[in-house]
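Here's the structure we're looking at; comments come further down.
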Protein chains: 2
Amino acid sequence: MHTAEELSKVLKVLADPTRLTMLKQMQDGEQCACSFVDCFDISQPAISRHLKMMRQAGLLLERRDKQWIHYRLNEASPFYSIVVDLLGQVEMIDASCDCDAECAI
Amino acid sequence: MHTAEELSKVLKVLADPTRLTMLKQMQDGEQCACSFVDCFDISQPAISRHLKMMRQAGLLLERRDKQWIHYRLNEASPFYSIVVDLLGQVEMIDASCDCDAECAI
DNA sequence: AGGTTATATAACGGTTTTGTTATACACGGA
DNA sequence: TCCGTGTATAACAAAACCGTTATATAACCT
């Protein structure tokens with residue numbers, strides 16, 4: 001149970017097609033930040049800021065491996081079930097564009 | 001099932017504490033616009049624009065009765081179940097401030 | 001018709017969002 | 001230590017958001 005203020009803050013984070021798609025991809029497992037840079041037609045700094053916003057909202061966890069940073073959904077977030085429910089309503093367009101095997105932007 | 005673009009547009013409409021609270025109140029039944037003006041510490045034009053935004057997103061239906069306009073949730077909206085689910089996560093703060101019996105701003 | 005009430009629209013301003021480019025930081029390898 | 005790769009931050013600009021006040025429109029009532 002959340003206040004309207006709390007929920008609206010999280011919804012603001014979710015209310016972006018790029019971020020929704022990123023989250024959807026993370027449902028398939030951990031994603032390297034560089035894979036997002038590959039996937040979307042926006043700059044690397046833009047991707048970085050989308051990730052930061054979701055991290056600050058408590059929706060993501062990160063794991064550093066050498067120079068790569070891998071992001072995943074934070075299942076302990078109080079909003080995790082809401083995120084999962086919403087992502088269940090999202091259809092994926094371009095299926096896969098991960099570069100996890102060999103990260104090289 | 002919706003595209004990320006479609007869903008993000010609706011989430012943008014939902015991502016506001018005033019609008020979330022208005023929607024929550026409409027779950028209790030039709031609400032006269034003037035009751036919202038009573039409830040919130042924002043101007044009447046601001047209320048009017050919030051309502052317009054939700055109407056344009058297909059989330060609301062309106063019914064005119066004399067000079068009063070009553071708004072209610074649009075159960076036929078493709079996003080209705082999402083709205084209901086989200087509202088289920090919202091706790092109401094100030095219980096009731098309706099003026100439906102005698103509308104007089 | 002004229003006045004009152006309810007709602008909507010117009011015009012404006014401050015803040016937030018979201019992209020960009022340029023630059024800094026972190027890490028690994030020759 | 002220097003260079004390349006991956007990621008983050010800074011500074012900026014355009015657009016959207018959300019409030020305000022002023023004004024218009026719609027409906028009711030005498």
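Heavy atoms only: backbone and side chains are in, while hydrogens, waters and symmetry mates are out. To find a chain, count down the sequence lines: A is the first, B the second, and so on, and within it residues start at 1.
- If you measure from atom CD1 of B:Ile69 to atom C1' of C:dA8, you get 8 Å, rounded to the nearest angstrom.
- In this structure, A:His50 has no ring pair (Phe, Tyr, Trp, His ring centres under 6.0 Å) partners at least two apart in sequence or on a different chain.
- D:dC18 atom C1' lies 14 Å from atom CG of B:Leu51, rounded to whole Å.
- At whole-Å resolution of the value, CD1 in B:Ile47 and C1' in C:dT9 are 16 Å apart.
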Can you give the donor-acceptor pairs under 3.5 Å from side chains of residues 54-62 of chain B to other protein atoms, not counting sequence neighbours?
| from | atom 1 | to | atom 2 | distance (Å) |
| --- | --- | --- | --- | --- |
| B:Arg55 | NE | B:Glu62 | OE1 | 3.0 |

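- Screening residues 4-22 of chain A for salt bridge (Lys or Arg N to Asp or Glu O under 4.0 Å) gives no qualifying pairs among residues at least two apart or on separate chains.
- Phosphate proximity of C:dA6 to B:Tyr71: absent, as no side-chain N or O sits under 4.0 Å from OP1 or OP2.
- Atom-to-atom, CE of B:Met22 to P of D:dC18 comes out at 12 Å; the value is rounded to the nearest Å.
- For the pair A:Leu60 CG and D:dT7 C1', the interatomic distance rounds to 15 Å; values are reported in whole Å.
- One can place CZ of A:Phe36 at 10 Å from P of D:dT7, the figure rounded to the nearest angstrom.
- If you take CZ of B:Arg63 and C1' of D:dA27, they are 15 Å apart, rounded to a whole angstrom.
- Under the side-chain contact (heavy atoms from CB on, under 4.5 Å) criterion, A:Gln27 pairs with A:Lys24, A:Leu73, A:Val84, A:Leu87, sequence neighbours left out.
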Heavy-atom protein contacts under 4.0 Å, nucleotides 19-30 of chain C, coded B base, S sugar-phosphate only, - none | BBBB----SS--
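- Considering only side-chain N and O atoms, B:Lys12 lies nowhere under 4.0 angstrom from the phosphate OP1 or OP2 of D:dA16.
- You'll find the side chain of B:Arg63 stays beyond 4.5 Å of the side chain of B:Ile69, heavy atoms only.
- For C:dA8, neither phosphate oxygen OP1 nor OP2 lies less than 4.0 angstrom from any side-chain nitrogen or oxygen of B:Lys52.
- Counting heavy atoms from C-beta outward, A:Met92 and A:Gln25 have side chains that approach closer than 4.5 Å.
- Rounded to an integer number of Å, the gap from B:His70 NE2 to D:dA27 P is 14 Å.
- Judged as a side-chain contact (heavy atoms from CB on, under 4.5 Å), and not counting sequence neighbours, B:Ser81 has no contacts.
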